[in-house]
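Contents: one structure, followed by commentary.
Everything numeric in this text was worked out from a predicted model, so none of it was measured.
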Amino acid sequence: MTGDRLLRFVLIALAVGLAALVVWLAVRGAGGIPVGTEVPSLVHNLVLLAVLVASAVLHRRLRPGHALKYLAVWLAVGAALVLGYGYRHEAKEIAGRLAAEVVPSRGFATDGGVVFRAGRHGHFVVDADVDGVRIRFLVDTGASDVTLTPRDAERLGFDLDRLTYDRAYRTANGVVRGAPVRLHRVAVGHVSVADVRASVNAAEMGRSLLGMSYLSRLSSFEVANGTLTLRP
């Protein structure tokens with residue numbers, strides 16, 4: 001087989017492969033991938049690539065040997081794009097798990113909720129979005145309310161001098177005073193709860209506490225094998 005015939009054969013094979021890819025993506029689209037997502041863009045780019053390469057070859061801008069090398073490279077790139085698209089959800093989950101290993105308080109999302117690993121002392125520390133402000137909490141199932149440190153309360157816009165510290169909370173360190181407040185929204189990852197009862201601690205404390213006024217509003221939360229799972 002001469003170089004020109006081999007090149008034509010490769011171009012035909014490429015066209016057939018792209019056609020098969022279009023059909024496969026169309027079938028997947030009928031099964032639940034909406035129009036307007038990255039699928040049409042991916043198909044468009046691959047088809048455009050094939051047309052450009054074929055045009056260059058047909059106009060003798062590339063010698064057959066060089067054209068075959070370029071085609072092989074771009075076919076590999078196209079295959080990598082297709083594989084990357086097919087496993088995008090798995091890749092996203094793996095990236096989330098790796099990030100959670102570096103910053104445990106971020107956790108990683110799963111289909112059922114958000115998962116956190118215990119810290120060195122067996123406690124769970126989580127980052128939450130509270131009314132647009134990121135607050136780092138210690139998860140405390142023994143705390144009846146979400147409890148804010150004075151510093152975190154100020155970050156949320158509360159005027160400490162105007163609060164009424166008329167709540168008494170019994171803790172391991174004795175009875176402490178707190179001021180009742182309401183939080184519009186507390187979100188840990190995609191696990192969000194609106195209108196959460198909370199209190200501002202009268203004295204400074206090491207970290208704000210994510211207590212039962214948030215946890216009890218979830219469908220479930222579970223501690224097992226050194227991990228905490230929060231489910232909306």
Side-chain angles (χ1 to χ4, degrees), residues 31-33 83-153 155-156 167-176 178-201 203-232:
I33 300 178
L83 287 175
Y85 172 80
Y87 291 95
R88 66 195 184 282
H89 298 303
E90 290 81 356
K92 183 178 180 180
E93 182 175 349
I94 292 173
R97 289 176 179 270
L98 290 175
E101 292 294 336
V102 177
V103 186
S105 60
R106 289 183 54 182
F108 60 90
T110 65
D111 292 337
V114 184
V115 179
F116 296 87
R117 297 193 182 278
R120 290 179 299 174
H121 302 293
H123 300 298
F124 295 98
V125 176
V126 305
D127 286 336
D129 183 295
V130 181
D131 298 338
V133 178
R134 193 180 75 168
I135 303 293
R136 185 160 292 179
F137 287 98
L138 175 68
V139 177
D140 187 355
T141 57
S144 57
D145 291 344
V146 171
T147 304
L148 299 171
T149 67
R151 179 177 299 179
D152 285 342
R155 292 177 58 212
L156 290 169
R167 294 278 180 88
Y169 296 93
R170 190 174 300 278
T171 69
N173 297 322
V175 177
V176 298
V181 295
R182 305 294 293 195
L183 305 175
H184 296 297
R185 186 181 70 94
V186 177
V188 181
H190 63 276
V191 182
S192 180
V193 176
D195 191 25
V196 178
R197 186 181 72 245
S199 68
V200 178
N201 207 52
E204 194 56 66
M205 51 193 295
R207 196 181 299 282
S208 293
L209 305 178
L210 192 66
M212 293 304 295
S213 60
Y214 171 83
L215 297 172
S216 64
R217 301 271 301 279
L218 306 181
S219 63
S220 68
F221 63 94
E222 178 185 9
V223 176
N225 301 320
T227 61
L228 167 69
T229 303
L230 307 178
R231 298 184 178 89

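Looking at Phe116 and Leu230, their side chains come closer than 4.5 Å, going by heavy atoms from C-beta outward. Proximity of Leu148 to Val130: side-chain heavy atoms (C-beta onward) are nowhere separated by under 4.5 Å. You'll find the side chain of Phe221 stays beyond 4.5 Å of the side chain of Val139, heavy atoms only.
The backbone N or O of Pro232 sits less than 3.5 Å from a side-chain atom of Ser219, completing a donor-acceptor pair. Between the side chain of Ser208 and the backbone N or O of Thr149 there is at least one donor-acceptor pair closer than 3.5 Å. The main-chain N or O of Val146 is found under 3.5 Å from a side-chain atom of Ser213 such that the two form a donor-acceptor pair. Arg217 contributes a side-chain N or O that, together with a main-chain N or O of Ala194, makes up a donor-acceptor pair within less than 3.5 Å.
Shortest non-hydrogen contact noted between Val181 and Ser199 is CG2-N, 4.1 Å. Across all their heavy atoms, Tyr169 and Ser144 have their closest contact at CE2-OG, 3.8 Å. Here the closest non-hydrogen pair linking Pro150 and Val200 is CA-CG1, 4.3 Å.
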Please evaluate residues Val223 and Thr141 with respect to the criterion side chain to side chain contact (heavy atoms under 4.5 Å, CB included), reporting the C-alpha separation (whole Å), side-chain torsions for both, the decisive distance (0.1 Å), and the verdict. CA-CA 11 Å; Val223 176; Thr141 57; over 6 Å; no
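Scanning for side chain to side chain donor-acceptor pair (under 3.5 Å) contacts around Thr147 gives an empty result, with sequence neighbours left out. In this structure Asp129 satisfies the side chain to side chain donor-acceptor pair (under 3.5 Å) test together with Arg185, sequence neighbours excluded. Contacts of Arg231 classified as salt bridge (charged side-chain N to carboxylate O under 4.0 Å, His left out), with partners at least two apart in sequence or in another chain: Glu222.
Atom CE of residue Met205 and atom CZ of residue Arg151 lie 12.5 Å apart, to the nearest 0.5 angstrom. If you take CG on Asp152 and CZ on Arg134, they are separated by 11.0 Å, rounding to the nearest 0.5 Å. The CD1 atom of Ile135 sits 11.5 Å away from atom CG of Leu210, with the distance rounded to the nearest 0.5 Å.
Here Asp145 pairs with Arg197 in a salt bridge; the nearest charged N to carboxylate O distance falls below 4.0 Å.
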